[in-house]
Amino acid sequence: MNAITYKNENHKKMFEKIIEKKNQNNYTLMSAIYLLTADLKLWNCVKKDIMKNKIHFENVQLGNTSVNGYTLFCCAKDLYCGTKHLTIADLADKTLVSQSQFELICNAMAIKRFGLEKFN
């Protein structure tokens, strides 16, 4: 497999720092954290609701998160909780999901399926 791609260097550093203390064998958790750390405003809203190796999405208050952040949040929640906020039609709609977001989402799905070690 190819290396994981990140939104930018800050995303990479933040993700790698956060997962040092998490159960990296929990592929679902890793995929959600990967998406949540891609947007700094989103991460600042969510980080207090991640305790040990569990994300408490029900406690998250997004506040003034951007549309892009909201999309990443919904996808992270779908991957983690099995909810269905985003459909395949949503993912295919370029007006809803940008190319860069689509790439992040595809990476997150690969992390959930294969884990992080497949990318190293």
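Keep in mind that the numbers below use all heavy atoms, side chains included, and drop hydrogens, waters and symmetry copies.
- Taking each heavy atom of Tyr70 and Leu62 in turn, the nearest pair found is CD1-CD1, 3.5 Å.
- For the atom pair CD (Gln101) and SG (Cys106), the distance works out to 11.5 Å, reported to the nearest 0.5 Å.
- Here Met14 contributes atom CE and Lys47 contributes atom NZ; the two are 8.0 Å apart, rounded to the nearest 0.5 Å.
- In this structure, Leu79 CG and Arg113 CZ are separated by 13.0 Å, a value rounded to the nearest 0.5 Å.
- Listed here is the closest heavy atom pair of Thr5 and Leu104: O-CD2, 4.3 Å.
- Residues Leu116 and Tyr27 do not share a hydrophobic cluster, defined by chaining ILVMFWY side chains whose heavy atoms lie under 4.5 Å apart.
- Residues Ala76 and Leu35 come closest through the heavy atom pair N-CD1, 3.7 Å.
- Taking every heavy atom of both residues into account, Ser31 and Ala108 meet most closely at CB-O, 3.1 Å.
- Atom CG of residue Asn25 and atom CE of residue Met30 lie 9.0 Å apart, to the nearest 0.5 angstrom.
- The closest donor-acceptor contact from the side chain of Asp39 to the backbone of Asn68 lies at 3.5 Å or more, if one exists at all.
- Within the structure, ring pair (Phe, Tyr, Trp, His ring centres under 6.0 Å) pairs that include any residue of residues 79-99 comprise Phe57-Tyr80 (at least two apart or interchain).
- Within the 4.5 Å cutoff, the side chain of Thr65 has no heavy atoms near those of the Phe73 side chain.
- At most 12 heavy atoms of other shown residues, nucleotides or ligands fall within 6.0 angstrom of atom CD in Gln61.
- Among residues two or more places apart in sequence or in another chain, the ring pair (Phe, Tyr, Trp, His ring centres under 6.0 Å) test is passed with Phe15 by Tyr34.
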Practice prompt. Report the C-alpha distance between Asp49 and Ile55 in whole Å, list the side-chain angles of each, state the deciding distance to 0.1 Å, and finish with yes or no for side chain to side chain contact (heavy atoms under 4.5 Å, CB included).
Written response: CA-CA 6 Å; Asp49 295 309; Ile55 303 172; 5.6 Å; no
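- Expressed to the nearest 0.5 Å, how far CD1 of Ile19 lies from CD of Gln24 amounts to 4.0 Å.
- Counting only distance, with no hydrogens or angles, the side chain of Lys41 and the backbone of Gly69 share no donor-acceptor pair below 3.5 Å.
- Thr28 approaches Lys112 most closely through the heavy-atom pair OG1-CE, 3.6 Å.
- Between Asp90 and Thr71 the shortest side-chain heavy-atom distance does not fall below 4.5 Å.
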Worksheet item: How far apart are the C-alpha atoms of Leu72 and Leu36, what are their side-chain angles, what is the distance that settles it, and do they pass the side chain to side chain contact (heavy atoms under 4.5 Å, CB included) test?
Response: CA-CA 7 Å; Leu72 293 173; Leu36 296 170; over 6 Å; no
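- Looking at Asp93, its side chain never comes within 3.5 Å of a backbone N or O of Ala89 through a donor-acceptor pair.
- To the nearest 0.5 angstrom, Lys84 atom NZ is 15.0 Å from Cys74 atom SG.
- The minimum heavy-atom distance between Tyr6 and Glu16, with the atom names listed, is OH-OE2, 3.9 Å.
- Here Asn53 pairs with Lys22, Asn23, Leu29 under the side-chain contact (heavy atoms from CB on, under 4.5 Å) rule; sequence neighbours left out.
- Crowding of Lys13 atom NZ: a count of heavy atoms from other residues, nucleotides or ligands under 6.0 Å not exceeding 12.
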